[in-house]
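The next block holds one structure in the form of structure tokens; read it before the comments.
Proteins come first, then strands; the chains are lettered A, B, ... in the order of their sequence lines, and each starts at number 1. Everything numeric here is computed off the predicted structure, so don't read it as measured data.
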Amino acid sequence: MAGVFSEWRRLPIGLSELCINTTLRCGQSFRWQHIPEEEEWRCVLHGKLLSLKQDTSNLYYRHYKSFSLTSIPSPPDSKISSRAQSDTESSDIKAPGDNALDDEVLRLIKHYLNLSPSLSSLYEQWSSNDANFKKKAVQFTGIRILRQDPWEALVSFICSSNNNIARISQMVEKLCLNYGDFIAKIGDRSYHDFPNPEALAGNDVESNLRSLGFGYRAKYIHRTAVMVSQEREKGWLEGLCNPESPVFGVLPKPGETMQPEGRQGYRNAHENLLELQGVGPKVADCVCLMGLGWGESVPVDTHVWQIAQRDYRFGKSSHKSLTKATYDAVANHFRKLWGQEAGWAHSVLFTADLRSFSDRLAATKKVDVSVKEDGEDIEVKTEVRTAVMLTAPKEELDSVNIKSEETEMKPMTEVIRTRKRRGPKEEIVQAAHTTDTRRVSKRLRKIGDP
DNA sequence: TAATGACCTGAGGT
DNA sequence: AACCTCAGGTCAT
């Protein structure tokens, strides 16, 4: 079962618009696999094995072509998707002469990565309305909400309940290997697609999943698969999509304006999802946000509840614990604060709160690079440089190492590729780099400066 | 409506 | 080694 990768193709996009090293491992999708030797990320999407990698000014992508599979006809939905032009508006791909498959892959990637919204504009907007967001966001730029398949998002987040990201990823991988279509084999690793609802609705699925270590989620997954594949109309789940952000291959339609509680379509989708087994308000919101394109959806989990208490003065008076009423109050608060794409902003703060990203706080250095007098005030420009590590073993908070890397940091137009002495896993691959300008009164500036 | 407790598992810590 | 805690919650009572 041999095959080859296509040539790399390039999509010009900066790290502040998309940082895959953050976005692909911040608990949105649980399926992207990092390949250290190739410095790339791999995942099967719509029956195609894709690779992504990135430098400061470009995203690179390619797809795997299995020799024995090239003659197999495309899946049925490819006919529909070839009609949709929504993701091909710009032709910023480098090399022409690509065939229909290359074109399909480009549209697939642009759809999945959800590249249309201007992330830097959104960050600016959120920062101007929220000082806490502004403070946290400098270390976590380029976090974009992916447009995942609704069914995959649904099952993945059923797995997520009372669970950690590492084990969720293992469980999703097991679902693919045991129930998903085989796509390719590279070395000793097999790549499978995510299984469809029918595949997870079989009679032995619950017991199989239990023996695979799914715990009580085995029943939820099986019951939900039965409900979606047998007790709902075909296309029911996809029909809950934001019409402005439909599934791959469907043309977007204009939508409505938003209330603090969210748009009607969002409320409706959320309510419908709650009927499924293992789907409570939090999982439903994750599916709404990451699978159905409802940007105002704000999943309130333990992290977000802690953030709301610590940074937004929740946890007092009427909202002492995370009840349903508190859940709605927190989500509504963030919708009012951040607007229609509140769920996107939420994802930034959520990521900043993840333990697996805590190294980034330690690897961040702020330097005042210019100080200009301006009447009574002094204008201070601060550079924030963050070394972004791919894998974060605990020992690597070795401050000596990090400091030595920081002194070598280059301006933002360059990628840092340095190797630390302990091995390839501890490679610093990128430096996020932003500048912040603030005005301080002369007196305050003299007293205390961090 | 709000508050408990049960529910699976495995990694990491004491 | 035997425990404890924690991890992007949900369900039944």
What about A:Arg167: does its side chain form a donor-acceptor pair under 3.5 Å with the base of B:dC8? yes
Side-chain-base donor-acceptor pair under 3.5 Å for A:Tyr216 and C:dG9: yes
Whole-Å distance between B:dT4 P and A:Lys320 NZ? 13 Å
Of A:His346 and A:Gln277, whose nearest nucleotide on DNA chain C comes first from the 5' end? A:His346
Ring centres under 6.0 angstrom apart (A:Tyr123, A:Phe133): yes
Would you mind pulling out the nucleotide paired to B:dC8, Watson-Crick or G-U wobble, both distances under 3.5 Å? none
What's A:Val279 touching, base or sugar-phosphate or nothing? Going by heavy atoms closer than 4.0 Å. sugar-phosphate
Can you tell me how far P in C:dG8 sits from the matching atom in B:dG13, rounded to whole Å? 15 Å
Length of the line joining A:Glu275:CD and C:dC11:P, which is rounded to integer Å: 12 Å
Taking the basic N atoms (NZ, or NE/NH1/NH2) and the acidic carboxylate oxygens, is any pair closer than 4.0 Å for A:Lys324 and A:Asp328? yes
Under 6.0 Å between ring centres: does that hold for A:Phe334 and A:Tyr312? yes
For C:dC4 versus B:dA6, give the span between their P atoms, rounded off to a whole number of Å. 14 Å
Students often get this wrong, so: under 4.0 angstrom with heavy atoms, is A:Cys159 touching a base, only sugar-phosphate, or nothing? nothing
When we call it a touch if two heavy atoms are under 4.0 Å apart, what does A:Arg355 touch: a base, just sugar-phosphate, or nothing? nothing
Which part of the nucleic acid, if any, lies within reach of A:Met171 when heavy atoms closer than 4.0 Å are counted: base, sugar-phosphate only, or nothing? nothing
Does A:Arg267 pair with A:Glu261 as a salt bridge, N-O distance under 4.0 Å? no
So A:Gln306, base contact, sugar-phosphate only, or nothing? Heavy-atom distance under 4.0 Å. nothing
Test for a donor-acceptor pair under 3.5 Å between the base of C:dG8 and the side chain of A:Lys282, counting only N and O atoms. yes
d(CG, A:Leu146; P, C:dG8) in whole Å: 18 Å
Given atom CD1 of A:Ile165 and atom P of C:dA7, what is their separation to the nearest angstrom? 11 Å
Identify, between A:Leu276 and A:Arg217, the residue whose nearest nucleotide on DNA chain C lies closer to the 5' end. A:Arg217
Length of the line joining A:Leu274:CG and C:dA12:P, which is rounded to integer Å: 13 Å
If you pin A:Lys324 and A:Ser161 to their nearest nucleotides in DNA chain B, which one's is more 5'? A:Lys324
For atom CG of A:Asp285 and atom C1' of C:dT10, their distance in whole Å: 14 Å
What's the CZ-P distance between A:Phe214 and C:dG9, to the nearest Å? 17 Å
By nearest-heavy-atom nucleotide on DNA chain B, the more 5' of A:Asn164 and A:Ser321 is A:Ser321
Look at all strands and tell whether A:Gln170 reaches a base, only sugar-phosphate, or nothing, counting heavy atoms closer than 4.0 Å. nothing
Ring centers of A:Phe157, A:Phe30 separated by less than 6.0 Å: yes
Listed nucleotide nearest any side-chain atom of A:Arg210, set B:dC8, C:dG8, B:dA2: B:dC8
Rounding to an integer number of Å, can you tell me how far A:Asp301 CG sits from C:dT10 C1'? 14 Å
Pairwise P distance, C:dC11 and B:dG10 [rounded to whole Å]: 23 Å
Step-by-step side chain to side chain contact (heavy atoms under 4.5 Å, CB included) determination, A:Glu296 to A:Arg263: CA-CA 8 Å; A:Glu296 70 263 54; A:Arg263 289 165 285 191; 2.6 Å; yes
